[in-house]
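Following: one structure in structure tokens, then a few remarks.
Chain identifiers are assigned alphabetically (A, B, ...) following the order of the sequence lines, protein sequences preceding nucleic acid strands; residue numbering begins at 1 within each chain.
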2 protein chains.
Amino acid sequence: MTEACDSDPARPPRTMSRDVRRQQVIEATIETLAAHGYARTTLTQVARTAGISHGLVLFHFDTKENLLSETLAYLAEEYRRNWTEALAAAGPAPSDQLNAMIEADFNPRICTPARLAAWCSFWGEAQSRPLYQASCGDKDDAYTSILEDTCARLSDEGGYGRDPVHTARLIRVAIEGVWLDLMTMATPYAREEALCTVQMAAALCFPDHFEMRKA
Amino acid sequence: MTEACDSDPARPPRTMSRDVRRQQVIEATIETLAAHGYARTTLTQVARTAGISHGLVLFHFDTKENLLSETLAYLAEEYRRNWTEALAAAGPAPSDQLNAMIEADFNPRICTPARLAAWCSFWGEAQSRPLYQASCGDKDDAYTSILEDTCARLSDEGGYGRDPVHTARLIRVAIEGVWLDLMTMATPYAREEALCTVQMAAALCFPDHFEMRKA
DNA sequence: TTTCTGATTGACAGGTCAGTCAGTGGACTG
DNA sequence: CAGTCCACTGACTGACCTGTCAATCAGAAA
């Protein structure tokens with residue numbers, strides 16, 4: 001019985017503020033989804049990962065369904081904020097903005113094995129649950145329209161004459177495709193390698209603004 | 001006791017009836033996965049879809065786990081045979097072969113909503129189940145190496161100087177990405193439109209051999 | 001200190017599901 | 001016709017999981 005030393009002043013307090021506890025449970029849910037998959041994610045397992053009782057999980061989230069949909073919303077919002085901030089930090093040139101959006105998707109902070117696996121779990125269930133489909137779809141709708149706009153401006157600026165809708169779609173599906181690779185392959189290639197693959201697509205579309213890097 | 005002579009065509013089709021029933025159950029499993037998602041796929045639901053008792057499902061497949069992994073193997077084999085046959089039917093030119101492999105992935109027979117949804121269900125669980133990961137991975141390994149070889153020959157023939165590994169990967173992730181679109185979008189674009197997106201990627205890589213069609 | 005409030009626990013109820021099993025029925029055989 | 005085989009059924013069991021609830025506990029307020 002080596003309970004954490006009661007004298008340790010750094011030990012987290014037994015009770016926590018509502019928001020802190022909720023975020024902790026959501027992070028535990030992401031970990032559990034990644035480790036066991038959607039079908040084997042139980043409240044008891046999430047609670048164990050978070051180091052609390054399963055009753056407390058329901059105290060904060062009412063139902064399992066609600067916990068999962070809030071977790072998805074959390075991931076979607078995290079994703080949105082990530083590329084929004086990257087876009088704001090990038091230069092005004094369309095090529096800089098396009099590159100910023102691409103690189104944002106491979107930011108080590110959000111492109112972790114656990115988060116990718118959690119996304120994949122939700123995709124697998126989304127088809128049969130309109131609630132999830134909405135979250136996944138909204139995430140993409142915003143991203144897509146900005147991406148199309150950026151591609152349109154870059155195409156105009158460089159005189160490429162590309163159709164922005166199809167160009168943006170190609171880049172977006174390339175990103176989702178390498179994500180799927182990173183998730184489902186037994187020994188996936190590096191995140192850097194994944195980024196290069198997408199940048200290769202951009203270089204093929206806009207050769208004067210992107211270079212074909214080799215991993 | 002001699003095994004039923006499944007090699008003897010004159011014999012009454014006792015074993016064949018067994019195979020027919022098994023395939024029927026597997027098709028019902030695919031339907032159920034698509035309609036309810038992996039987590040809500042129960043033996044009772046599969047049995048109801050197939051119009052039999054749930055005891056019979058277990059009679060033929062022993063365990064639920066086994067039913068699901070056999071369903072995945074069935075899908076993987078169906079996928080493999082589809083592109084293999086397409087390749088055999090195509091002309092010998094690398095560009096014909098590449099186009100055949102791409103078009104095969106959008107063959108209406110395998111690119112149905114139910115099958116795409118079933119694939120997605122398995123992807124969502126594969127991360128936490130080495131058994132599934134093997135089936136998904138093997139499927140891709142064979143496809144990838146042929147695709148890389150075809151890209152290499154096409155690149156040589158046309159003097160494109162493309163790196164076959166990265167080019168093949170881009171085309172493959174584009175395919176997987178549009179598949180994911182078709183699965184997760186509330187109102188996805190047409191299958192024909194998806195095919196065009198992938199062919200656009202091929203046209204960017206090999207402009208003298210593919211044309212940029214507009215949907 | 002006492003009181004109050006809200007976080008936290010864990011036992012429990014209700015329900016679902018995978019897997020078991022004894023028995024049924026139809027087809028084939030002798 | 002009697003016997004055998006085997007696909008097939010459906011009631012049943014044991015395990016597990018979600019959600020409830022009364023009791024407990026920690027910290028803030030009075």
- Message: Within the 3.5 Å criterion, strictly below it, is a donor on A/Ser121 or B/Gln127 matched to an acceptor on the partner's side chain?
- Response: yes
- Item | Student check: side-chain heavy atoms of A/Tyr38 and A/Trp123 closer than 4.5 Å | no
Got a list of side-chain donor-acceptor pairs under 3.5 Å for residues 56-64 of chain B, not counting sequence neighbours?
residue	atom	partner	partner atom	Å
B/Thr63	OG1	B/Asn66	N	3.0
B/Lys64	NZ	B/Thr41	O	2.9

- Query: Is A/Arg22 salt-bridged to A/Glu70, going by a charged N under 4.0 Å from an acidic O?
  - Reply: yes
- Query: Taking only residues two or more places apart in sequence, or in another chain, which ones meet B/Phe122 in a ring pair (Phe, Tyr, Trp, His ring centres under 6.0 Å)?
  - Reply: B/Tyr132
- Item | Integer-rounded Å distance: D/dC5 P and B/Arg18 CZ | 17 Å
- Message: Within residues 29-41 of chain A, which residues have any heavy atom lying less than 4.0 Å from an atom of DNA chain C?
- Response: none
- Between CZ of A/Arg48 and C1' of C/dG10 the distance, given in whole Å, is 14 Å
Please list, pair by pair, any protein nitrogen or oxygen found under 3.5 Å from a nitrogen or oxygen in nucleotides 11-15 of chain D.
none

- Rounded distance (nearest 0.5 Å) linking atom CZ of A/Arg40 with atom CG of A/Leu33: 14.0 Å
- For B/Asp105, what residues pass the salt bridge (charged side-chain N to carboxylate O under 4.0 Å, His left out) criterion, not counting sequence neighbours? none
- Query: Is the shortest heavy-atom distance from the side chain of A/Phe210 to the side chain of A/Met200 under 4.5 Å?
  - Reply: no
- Do the charged groups of A/Glu78 and A/Arg115 touch, with an N to O distance under 4.0 Å? yes
- Calculate the interatomic distance between A/Leu43 atom CG and D/dT18 atom P; express it in whole Å. 4 Å
- For A/Ile52 and D/dA26, what is the distance between atoms CD1 and P respectively, to the nearest whole Å? 17 Å
- Message: Within the structure provided, determine whether A/Tyr189 and B/Arg169 are in side-chain contact (heavy-atom separation under 4.5 Å).
- Response: yes
- Item | Touch class at under 4.0 angstrom, heavy-atom based, for B/Thr42 against every strand present | sugar-phosphate
- Task: Starting at atom CG of A/Leu56, determine the distance to atom C1' of D/dC21, rounded to an integer number of angstrom.
- Result: 15 Å
- Taking 4.0 angstrom as the limit, do A/Arg172 and A/Glu148 come out as a salt bridge? no
- Task: Please list residues of residues 57-68 of chain A whose heavy atoms come under 4.0 Å from any atom in DNA chain D, ordered by number; otherwise none.
- Result: A/Leu58, A/Thr63, A/Lys64
